[in-house]
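Worksheet for the structure shown next.
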Amino acid sequence: GENVEQHPSTLSVQEGDSAVIKCTYSDSASNYFPWYKQELGKRPQLIIDIRSNVGEKKDQRIAVTLNKTAKHFSLHITETQPEDSAVYFCAATEPNTGNQFYFGTGTSLTVIP
Amino acid sequence: KAGVTQTPRYLIKTRGQQVTLSCSPISGHRSVSWYQQTPGQGLQFLFEYFSETQRNKGNFPGRFSGRQFSNSRSEMNVSTLELGDSALYLCASSSGHLGTGELFFGEGSRLTVL
């Protein structure tokens with residue numbers, strides 16, 4: 001099955017700086033890569049996703065890049081704000097497998113005011 | 001629309017007991033999946049149900065089981081509880097058929113096994 005690795009496990013940045021979280025996956029058949037944000041004590045929520053036919057996607061201050069050849073994808077957050085502090089999970093899924101998502105182990109991001 | 005609802009939110013059990021957790025998906029969503037969340041391990045896939053059929057199963061022992069009813073509500077059961085089963089169990093519903101749709105998570109059921 002698919003194996004998703006995520007780094008770093010913790011990340012601290014000053015407010016206004018950028019944050020980058022990286023994930024690698026093992027199965028070249030995976031074609032959908034979402035990112036979820038989980039604030040303390042709350043449920044994970046989708047913040048951005050990318051499909052294998054796209055190399056980059058941006059939504060305001062967040063962007064995701066995908067390198068299919070190297071089998072890695074990254075989350076970029078620019079102009080970080082204290083409300084960006086949360087745990088971020090990357091995930092991957094293969095086509096035609098229903099909704100079986102393989103999640104990374106999470107990155108705890110702290111934005112220091 | 002009401003979100004995904006999980007009950008109970010918190011529960012404490014002792015080793016050897018069994019537990020049943022319930023999940024009501026967003027109206028119209030036919031896919032319900034379950035994840036176990038533990039510190040340092042992220043979210044680990046347990047199983048997924050679609051139209052009352054188990055479509056996928058993760059690498060968990062047979063003590064973990066589930067089912068889905070005709071109204072898409074789902075339950076998961078853990079028998080012969082072990083200390084290592086202590087975790088947050090998250091349910092997620094989706095309208096996507098082929099794994100390319102957003103997962104909508106519930107707030108989870110936090111299980112503590114003593």
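Quantities reported herein were computed from a predicted structural model and do not represent experimental measurements. Numbered from 1 within each chain, the chains take letters A, B, ... in sequence-line order.
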Exercise. In the single-linkage hydrophobic clustering (I, L, V, M, F, W, Y; side-chain heavy atoms under 4.5 Å), do V87(A) and L11(A) co-cluster?
Worked result: no

Problem set entry | Per-residue contacts, residues 12-24 of chain A versus chain B, heavy atoms under 4.5 Å | none

Exercise. If you count the non-hydrogen atoms of other residues, nucleotides and ligands that lie under 6.0 Å from CD in Q17(B), is the total more than 12?
Worked result: yes

Problem set entry | Cluster link F64(B) to L11(B), ILVMFWY, side chain under 4.5 Å | yes

Exercise. Do F33(A) and Y35(B) belong to the same hydrophobic cluster, where Ile, Leu, Val, Met, Phe, Trp and Tyr are linked whenever their side-chain heavy atoms lie under 4.5 Å apart, directly or via other members?
Worked result: no

Seminar exercise, completed: Residues of residues 103-114 of chain B with a heavy atom under 4.5 Å from any heavy atom of chain A, in residue-number order, are L103(B), F105(B), G106(B), E107(B)

Exercise. Is the number of heavy atoms from other residues, nucleotides or ligands under 6.0 Å of R15(B) CZ greater than 12?
Worked result: no

Problem set entry | Engaged part of P34(A) at the chain B interface, taking heavy atoms whose separation is under 4.5 Å | neither

Problem set entry | Q38(A) versus chain B, the contacting section by heavy-atom distance below 4.5 Å | side chain

Exercise. What residue in Q41(B), Q37(B), Q44(B) has the most heavy-atom pairs under 4.5 Å with chain A?
Worked result: Q37(B)

For this session: Check whether more than 12 heavy atoms from other residues, nucleotides or ligands sit under 6.0 Å from atom CD of Q54(B), and answer yes or no.
Result: yes

For this session: Might you point out which heavy atoms bring F45(B) and F101(A) nearest each other, and give the distance in Å?
Result: CB-O, 3.9 Å

Exercise. Does one hydrophobic cluster hold both W35(A) and Y32(A), with members joined at side-chain heavy-atom distances below 4.5 Å?
Worked result: no

For this session: Please say whether more than 12 non-hydrogen atoms of neighbouring residues, nucleotides or ligands are located less than 6.0 Å from CG in L40(A).
Result: no

Seminar exercise, completed: The reported gap from CD in Q100(A) to OG in S31(B) (rounded to nearest 0.5 angstrom) is 11.0 Å

Exercise. Would L75(A) and Y36(A) show up in the same hydrophobic cluster when neighbours are defined by side-chain heavy atoms closer than 4.5 Å?
Worked result: no

Problem set entry | Set of residues satisfying side chain to side chain donor-acceptor pair (under 3.5 Å) with respect to S93(B), sequence neighbours excluded | H29(B)

Problem set entry | Region of Y102(A) that comes under 4.5 Å of a non-hydrogen atom in chain B | neither

Exercise. In this structure, are over 12 heavy atoms from other groups packed under 6.0 Å from N59(B) atom CG?
Worked result: no

Exercise. What part of F47(B) lies closer than 4.5 angstrom to a heavy atom of chain A: side chain, backbone, both or neither?
Worked result: neither

Exercise. Which residues pass the side chain to side chain donor-acceptor pair (under 3.5 Å) test with S9(A), sequence neighbours left out?
Worked result: none

For this session: Evaluate whether atom CD of Q60(A) has more than 12 neighbouring non-hydrogen atoms of other residues, nucleotides or ligands under 6.0 angstrom away.
Result: no

For this session: Let me know if L90(B) has heavy atoms under 4.5 Å from chain A in its side chain, its backbone, both or neither.
Result: side chain

